[in-house]
Q: 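This structure is in C-alpha cells; I'll ask about it shortly.
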Amino acid sequence: MLKTLGAQVKEFKTPSLLTPLFMILEVIMEMVIPLLMASIIDDGVEKGDMNHIFTVGIFMVIAAAFGLLFGVLGGRFGAKASTGFARNLRKSMFENIQTFSFANIDKYSTAGLVTRLTTDVTNLQNAYQMILRMFVRAPISLIVAMCMSFYISPRLASIYLIAVLILGALLFLIMSRTTKYFQQVFRKYDDLNASVQENVSAVRVVKAYVREDFEREKFKKASENVYRMFVKAEKTLSLNMPIMMTTVYSCILLISWLGAKMIVSDTLTTGELMSLLTYCMNILMSLMMLSMVFVMITMSYASGQRVAEVLNEKSNLTNPENPDYEVPDGSIEFRDVNFSYHAGSEEYVLSNINLSIRSGETIGIIGGTGSSKSTLISLISRLYDVSEGAVLVGGKDVRTYDLETLRNQVAVVLQKNVLFSGTILDNLRWGNKEATEEECIYACKLACADEFVRQFPDGYNTYIEQGGSNVSGGQKQRLCIARALLKNPKVLILDDSTSAVDTATDARIRRAFREEIPGTTKLIIAQRISSVMDADRILVLDEGRINGFDTHEHLLENNAIYREVYESQARAGGDIDLGVDSCWQRRQSR
C-alpha cells in the first residue's frame, strides 16, 4: 500500500523534501530561544547588565524571525506537496477506472468509488501534510527539548522522561482502540453516498411513488450509522486531552517545586528553571502533536487501503503484444462459447453458443428476462472475455484486436441510454469527435431524431441536462442510436434500444438501417416480435442457450417458444413487451 501511494508523489518530491527540512530548522530556532532567555535572566537581569540583555535580545528576535520564516516556508511547501499528492491520487484513480472492464467495475459500487475519490483522498491529503510537518517537527522537537533539559538538569529532566513514557503507553492504547472504528466508518460512508446518489438520480420516481418518507428514513439510517461510528471513536479520543493536560500540569508543578528547592540550594539558576519549564511545554506539546498525527494516520490508514485497492486493480482485458488495428468486415462467429461472470464458476450464464453471422446481415435477438441477451452481445465488443471458446469479428478472435479499434468498429447502444451534460451536438460527437454538423444531422435522420431536434428552439445546440433529464425516453434512445451511427461501425448492436419509441418510428428506424447502411451488420435485441420479424434471421435464447436461429417464417413453423410469443403478442395487438416474459414463465411452470 505505501509503495502504491508513495508513487503518486511524483513531481512533488522536492516540496515533500523541503517541508521537513524547514520544520527541522524551525525547531532549531525554537530550541535556541529558551537558552537565550535563560542567559538574559541569569547574566543580564540578575547582574543588571543592560548591554547583555540588549545583545541577547537581538539574537532572540533574529531566531524568532527565522523560526517564523522557516515555519511559513514549511507550511507553504507542505500544502503544495499534500494538495499535489491528492491531485495525483484522484487523477491516477480516475484514469485507472477508465481502463476497467465490466468485470472490474462489478467489484465496486458507484458510491464506493465516489467515496474513494473524495473522502478517502481528502483524508490521505490531510495525513500526508501532517506527516511532512508535524510528524517531523514533533519528534525532533521532543528529542531536542529532552536533550537540552538533560543538559541543564538531568534530575529534573527525568520527570519529563517518565511523563513521556506514561503518555506514550496511554496514547498507544487509545489509538489501537480507535483504529477499528475508523476502519469501519468509511464502509458506512459508502452506504450514505449510495443513499444520496440513488435518491438524486431517481428523484422523479421517488416523487411519483410518494416515497420521500421512505428515502428520508433510509438516509437517516445511513447517516446514523456514520454518526454512531464516529461517536465511538471520538469518545475514546476524547481521553487524549484530559490525560495530556493532567500530565502537563503535573510536570509543571513537580518541576517548579523541585526547581525552587534547587535554586535555594544553588544547584539551579532561575533562568535555567524558566528554560526547563519552556522545554517542558515543548516536550508535552510535541506529544500532543504526535497524538494528533497518529489519529490522522489511523483514520487515513483505512482510506489508504481503499485507494490503493483501486490503484492496484488491473483490468482483466488487455491488448495483446502485437494487436490487430484493422477489422476486415462485420462478420461475427461464436465458437463453442461458454461464459461465466465469476472465474472458476461451474455454472455458465451462456452455454455452448455456436453462431455464424455474415457481414451486413440483420439479426434479431429475443429471449425472456435473464436469458443473457445483453451478455451475449457484450462479448462481441469485448466488454467481457469468454470463459471458454472464442468470439470472432471479421474472421479474427476479438482478443487479437486493439481494444480501441475493436470498440470503434463495434458500436453498442446499451439498454440503459446515457446522455451527458452539453449540447445535442456535443453528445452526438461522442461517436465521432470530428463529425461535421451535416454528418450529425444525417445520423439523426437515420435514427428518426432530426424531426424532434429541429422542434427545439435552439435545434442541435439545445443544451442537454445531466442524464438527459430534459428529453423523453424515446428521444434519448434515438439520440443514442444516432451517436452510435456516427462511428460508422462495421457492427451495430441495439440492446433493446427502441423500447421507448412507438412501433411506427421503430419501423422507420429499421427501414433506414436496411436502406442506408446495408453493409453494416446489425444485431437488434427486442421484446417486440414486430421489431425483429423482418430481420434476416432471428436468434431465440432460452436460459443462456440457443433455442432457435432462423428466419421469422421458419421459426413460426419449427420453434414452439417463438410461435407462442408471436401468437401472444398478436392477440395483444403486437405492441406488448410482456409477451416474451409471460411465455417463458408459462413454459417453465409446465
Side-chain angles (χ1 to χ4, degrees), residues 1-36 60 62-92 120-151 160 164 167-168 171-172 175 240 244 278-305 307-308 311:
M1 180 186 79
L2 292 177
K3 184 178 179 181
T4 301
L5 298 178
Q8 300 306 315
V9 176
K10 296 180 180 177
E11 69 270 32
F12 297 98
K13 288 179 182 177
T14 299
S16 295
L17 292 172
L18 287 175
T19 301
L21 174 63
F22 284 122
M23 290 297 100
I24 293 170
L25 293 173
E26 183 188 15
V27 168
I28 292 172
M29 293 299 105
E30 287 183 356
M31 293 302 107
V32 168
I33 289 174
L35 288 178
L36 296 174
M60 282 185 67
I62 293 171
F66 273 105
L68 177 63
L69 174 64
F70 294 143
V72 169
L73 290 173
R76 180 183 175 187
F77 284 111
K80 185 177 180 180
S82 60
T83 53
F85 174 61
R87 186 202 70 180
N88 288 343
L89 281 176
R90 290 193 179 97
K91 181 182 176 184
S92 297
D120 287 327
V121 171
T122 300
N123 286 336
L124 288 172
Q125 176 183 339
N126 293 335
Y128 189 59
Q129 185 170 30
M130 292 187 79
I131 288 170
L132 290 179
R133 297 183 65 193
M134 289 189 183
F135 199 62
V136 172
R137 189 185 192 285
I140 290 177
S141 179
L142 188 150
I143 293 168
V144 173
M146 187 70 74
C147 291
M148 298 300 286
S149 298
F150 271 95
Y151 172 76
Y160 300 159
V164 167
L167 273 177
L171 289 176
F172 176 78
M175 293 303 105
N240 234 4
M244 184 69 66
T278 303
Y279 288 131
C280 171
M281 293 302 296
N282 279 332
I283 290 169
L284 298 176
M285 287 304 104
S286 296
L287 273 177
M288 177 72 81
M289 284 192 288
L290 276 177
S291 71
M292 291 171 63
V293 171
F294 283 123
V295 169
M296 185 55 70
I297 290 175
T298 301
M299 288 179 63
S300 63
Y301 182 75
S303 293
Q305 288 179 315
V307 169
L311 289 172

Q: At what distance, to the nearest 0.5 angstrom, does CD1 of I143 lie from CE of M146?
A: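 Answer rounded to 0.5 Å: 9.5 Å.
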Q: State, without any angle test, whether S303 and D120 hold a side-chain donor-acceptor pair at a distance under 3.5 Å.
A: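 There is such a pair (donor and acceptor under 3.5 Å, judged by atom type) between the side chains of S303 and D120.
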Q: Could you grab the distance from atom CG of L73 to atom CE of M23, nearest 0.5 Å is fine?
A: 8.5 Å
Q: CG of L311 to CG of L5: how many Å apart, nearest 0.5 Å?
A: 7.0 Å
Q: For the residue pair Y128 and F85, categorise the inter-ring angle as parallel (less than 30°), tilted (30 to 60°) or perpendicular (more than 60°).
A: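 Rings of Y128 and F85: tilted, 30 to 60°.
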Q: Atom CD1 in I140, atom CZ in F135: separation rounded to 0.5 Å?
A: 11.0 Å
Q: At their closest point, which heavy atom of V136 faces which heavy atom of L132, and how far apart are they?
A: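 Where V136 meets L132 most closely, the heavy atoms are CG2-O, 3.6 Å.
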Q: Within the supplied structure, the quantity of interest is the number of heavy atoms (other residues, nucleotides, ligands) at a distance under 6.0 Å from F66 CZ; does it exceed 12?
A: no
Q: Which heavy atom of A86 sits nearest to which heavy atom of Q125, and what is that distance?
A: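 Smallest interatomic distance, heavy atoms only, reads CB-OE1, 3.3 Å.
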Q: Would L18 and L21 count as a side-chain contact (heavy atoms from CB on, under 4.5 Å) here? Give the steps.
A: CA-CA 5 Å; L18 287 175; L21 174 63; 4.3 Å; yes
Q: Verify whether one side chain among R137 and T19 offers a donor that lies under 3.5 Å from an acceptor in the other.
A: no
Q: To the nearest 0.5 Å, what is the distance between CD1 on I131 and OG on S300?
A: 6.0 Å
Q: How many angstroms lie between atom OG1 of T122 and atom CZ of R90, to the nearest 0.5 angstrom?
A: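 With rounding to 0.5 Å, OG1 (T122) is 4.5 Å from CZ (R90).
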Q: Can you tell me which residue pairs pass the side-chain hydrogen bond (donor to acceptor under 3.5 Å, both in side chains) test with a partner in residues 76-87, sequence neighbours excluded?
A: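 Applying side-chain hydrogen bond (donor to acceptor under 3.5 Å, both in side chains) to every pair that reaches into residues 76-87, excluding sequence neighbours, yields E11-R87.
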Q: Please report the shortest heavy-atom distance between S16 and V9, naming the atom on each side.
A: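 Looking at all heavy atoms of both residues, the closest pair is OG-CG1, 3.6 Å.
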Q: Using every non-hydrogen atom in the two residues, find where K13 and K10 come nearest and quote the distance to one decimal.
A: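 That closest heavy-atom pairing would be CG-O, 3.1 Å.
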Q: So which heavy atom on Q8 is nearest to which on S92, and how close?
A: OE1-OG, 2.5 Å
